[in-house]
Enquirer: 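This is the structure I want to talk about, given as structure tokens.
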Amino acid sequence: MAKDLLYYLIFPGLIFISVAGGLLSGFDRKITAWLQFRKGPPLIQPFYDFLKLLLVKETIIPARGSVLTFLAAPVFAFAGALISGLLILLPGFGFKPGFSGDVIVVFYMLTIPSLTYIIGALAAGNPLASVGASREMKLIISYELTFLLIIAAVILKAGNTIRISDIIQAQVEQGAFIGSISGLLLFIAAVFCIQAKLGLVPFDMAEAETEINHGAFIEYSGTAYALIKLAKYIMFFILPAFICVILLGGISLNGIQVLWTILKIMGVVLLITLIRNTNPRVKIDQAMRFFFIWMNLLVIIAIVLILFGL
Amino acid sequence: MSFKNYCFKKSLWLFHFGGASCNNCDIEILDCLTPRYDLERFGMVLVGSIRHADVLLVNGSINKRDKPRLLELYNQAPKPILVVAIGACGCTGGIFAQGNTFAGPVDKIIPVDAYVPGCPPKPEAIIAGIMHLLNKK
Ligand code: SF4
């Protein structure tokens with residue numbers, strides 16, 4: 001029991017996930033700054049931001065909003081991100097065997113932060129927040145099918161198992177999935193999916209700062225915004241880690257493997273940062289077309305290749 | 001200096017309110033965020049919503065139409081909020097002070113924590129003003 005609590009709260013639970021997420025977000029900002037020939041903020045800037053919002057700033061509740069929904073949404077976003085993190089990392093690091101079907105539970109849990117952003121934005125009673133919420137909704141509709149197909153393809157590739165530890169085991173036996181053509185196609189689609197899930201630049205129309213002033217988050221301040229930031233940091237760590245688990249041969253804590261794990265996750269983060277810094281924001285209909293037609297097509301080709309054993 | 005205060009100073013988010021300015025100060029403020037001056041070194045970013053702001057940058061003269069908007073923004077901002085008046089117009093009214101639509105310099109309307117004079121102030125001056133503000137607190 002005490003050991004479980006240690007897992008959930010310290011490693012690889014709350015504290016570890018938050019710190020890793022914050023550091024990765026700092027890494028992302030630093031790389032962004034370097035790409036623009038700037039010096040950039042210190043690596044631990046996300047922690048300053050979070051602590052400032054949490055400890056110093058006042059939380060304002062919009063006059064026309066629904067108070068309970070508005071304040072509960074960030075808590076659920078944070079909880080959803082944390083639970084999906086635990087479900088990925090506990091079997092990933094081999095602390096717990098996990099249960100049959102956990103990859104599907106993870107899929108649902110990863111949707112919760114985006115869903116709660118929508119609910120919170122609609123409860124804020126601000127027209128710009130509603131615009132952001134409606135865009136986020138359309139974005140979810142477009143990338144969720146692709147993401148589900150990717151997971152289905154991975155399940156197929158791993159020999160019809162729906163348990164994360166078995167998926168990792170299958171990759172230990174046959175080599176990481178990305179080594180095959182189908183795995184490569186899946187990886188490309190997955191990177192675009194997490195780009196959309198994180199709301200980063202080609203797909204950041206839900207919080208487009210220059211257009212609708214942070215959209216869905218426009219009314220959040222103080223502690224509530226701190227929780228949203230924390231959920232975003234956690235997602236920034238969890239989604240690359242999930243890609244590593246299902247496609248790049250898993251994550252591990254044994255000896256030199258730690259270094260490999262860190263390099264893999266940082267590599268994925270570097271990739272999404274590069275995509276985010278070299279692309280303009282697309283319109284919502286372009287994003288929907290991109291996922292519905294091109295990404296789905298890519299994944300379906302990958303599934304066909306898997307059926308032929310490639 | 002307490003821990004809270006330290007975090008606050010390390011992560012100031014700026015919100016830019018341009019009054020009836022000649023548009024030159026606005027450009028100088030944006031200059032501060034370009035690669036050459038890079039205010040993000042100090043953790044400062046420009047935000048689009050007053051709900052996220054820690055510093056309200058006000059430039060330009062405040063005329064009768066701007067006044068209620070500036071007051072509303074100040075009231076909607078989560079406290080603590082610092083106000084910086086930028087440019088001769090923001091500090092005193094500058095060349096617009098005699099105009100018949102002029103509604104008083106910024107500090108007649110909301111409390112101001114720092115002044116950056118100049119017409120327009122150089123980006124270096126703005127950075128120096130903000131650094132002054134950080135050291136004062
Ligand atoms: S201070 Fe000078 S440069 Fe700035 S807005 Fe006023 S007139 Fe323009």
Side-chain angles (χ1 to χ4, degrees), chain A residues 22 25-26 28-30 32-63 65 70 120-121 124 126 128-129 132 204 207-226 228-229, chain B residues 1-18 26 29-57 69 72-83 113 123-124 127 130-131 133-134 137:
Chain A
S25 306
D28 163 65
R29 281 177 73 172
K30 201 82 193 163
T32 308
W34 283 343
L35 285 174
Q36 298 167 351
F37 305 106
R38 292 189 286 125
K39 191 155 168 274
L43 194 61
I44 51 173
Q45 184 63 40
F47 298 105
Y48 292 138
D49 290 351
F50 171 72
L51 288 172
K52 174 203 72 178
L53 287 168
L54 186 71
L55 299 175
V56 184
K57 296 301 278 185
E58 176 193 13
T59 309
I60 293 183
I61 293 158
F70 182 74
N126 182 314
L128 290 180
D204 74 330
E207 55 172 309
E209 289 143 39
T210 44
E211 186 185 345
I212 50 172
N213 295 341
H214 300 278
F217 310 119
I218 186 168
E219 287 288 348
Y220 279 105
S221 60
T223 314
Y225 196 49
I228 286 187
K229 279 271 170 201
Chain B
M1 186 171 54
S2 72
F3 178 63
K4 272 184 180 182
N5 210 341
Y6 181 71
C7 290
F8 183 58
K9 282 163 87 173
K10 279 286 188 182
S11 146
L12 291 175
W13 290 354
L14 317 172
F15 182 88
H16 174 200
F17 177 87
D26 305 69
I29 290 175
L30 292 182
D31 269 355
C32 294
L33 302 160
T34 51
R36 190 174 170 90
Y37 298 105
D38 190 23
L39 270 184
E40 208 186 348
R41 281 178 293 157
F42 310 115
M44 298 176 188
V45 284
L46 205 59
V47 292
S49 161
I50 187 68
R51 296 273 197 237
H52 307 166
D54 304 304
V55 180
L56 182 58
L57 303 175
R69 290 174 172 82
E72 179 72 13
L73 269 180
Y74 186 74
N75 292 334
Q76 295 287 325
K79 308 293 175 297
I81 180 130
L82 306 171
V83 180
D113 297 87
E124 288 96 335
I127 294 175
I130 293 176
M131 283 297 117
L133 182 72
L134 289 185
K137 260 235 138 182

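To find a chain, count down the sequence lines: A is the first, B the second, and so on, and within it residues start at 1. Small disclaimer: the values here were computed from a predicted structure and weren't measured.
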Enquirer: Need one label for A/Glu219: side chain, backbone, both or neither, based on atoms under 4.5 Å from any heavy atom in chain B.
Expert: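 Contact with chain B involves both backbone and side-chain atoms of A/Glu219.
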
Enquirer: Would you say B/Val45 and A/Arg29 make side-chain contact, with heavy atoms under 4.5 Å?
Expert: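 The answer is yes; the side chains approach within 4.5 Å.
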
Enquirer: Looking only at non-hydrogen atoms, find the nearest pair between B/Pro80 and A/Lys57 and report the distance.
Expert: O-NZ, 2.7 Å

Enquirer: What heavy-atom pair brings B/Cys7 and A/Leu51 nearest, and what distance separates the two atoms?
Expert: SG-CB, 3.7 Å

Enquirer: Which atom pair, heavy atoms only, marks the closest approach of A/Ser221 to B/Arg51?
Expert: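 So the minimum-distance heavy-atom pair works out to CB-O, 3.2 Å.
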
Enquirer: Looking at B/Lys4, B/His52, B/Lys10, which has the largest count of heavy-atom pairs under 4.5 Å with chain A?
Expert: B/His52

Enquirer: Please list, chain by chain and in numerical order, all residues satisfying side-chain contact (heavy atoms from CB on, under 4.5 Å) with B/Asp38, sequence neighbours excluded.
Expert: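 With neighbours one apart ignored, the set is A/Arg38, A/Lys39, B/Glu40, B/Arg41.
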
Enquirer: Heavy-atom distance under 4.5 Å between the side chains of B/Met44 and A/Pro41, does that happen here?
Expert: no

Enquirer: Just to verify, what does B/Leu73 make a side-chain contact (heavy atoms from CB on, under 4.5 Å) with, not counting sequence neighbours?
Expert: B/Phe15, B/Phe17, B/Ile50

Enquirer: Contact between A/Leu55 and B/Phe3 at the side-chain level, heavy atoms closer than 4.5 Å - yes or no?
Expert: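 Sidechains of B/Phe3 and A/Leu55: in contact.
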
Enquirer: Measuring from atom OG of B/Ser11 to atom CD1 of A/Ile44, what distance do you get when rounded to the nearest 0.5 angstrom?
Expert: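 Rounded to the nearest 0.5 Å, the OG-CD1 separation comes out at 12.0 Å.
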
Enquirer: Ignoring hydrogens and geometry, is there a side-chain-to-backbone donor-acceptor pair from A/His214 to B/Val47 under 3.5 Å?
Expert: no

Enquirer: Quick one: what part of A/Lys229 sits under 4.5 Å from any heavy atom of chain B, side chain, backbone, both or neither?
Expert: side chain

Enquirer: Indicate yes or no: at least one non-hydrogen side-chain atom of B/Phe8 is less than 4.5 angstrom from one of A/Tyr48.
Expert: no

Enquirer: Okay, side chain of A/Lys52, backbone of B/Leu12: is any donor-acceptor separation there less than 3.5 Å?
Expert: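 Absent.
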
Enquirer: Side chain, backbone, both or neither: which part of A/Leu128 has a non-hydrogen atom closer than 4.5 Å to chain B?
Expert: neither

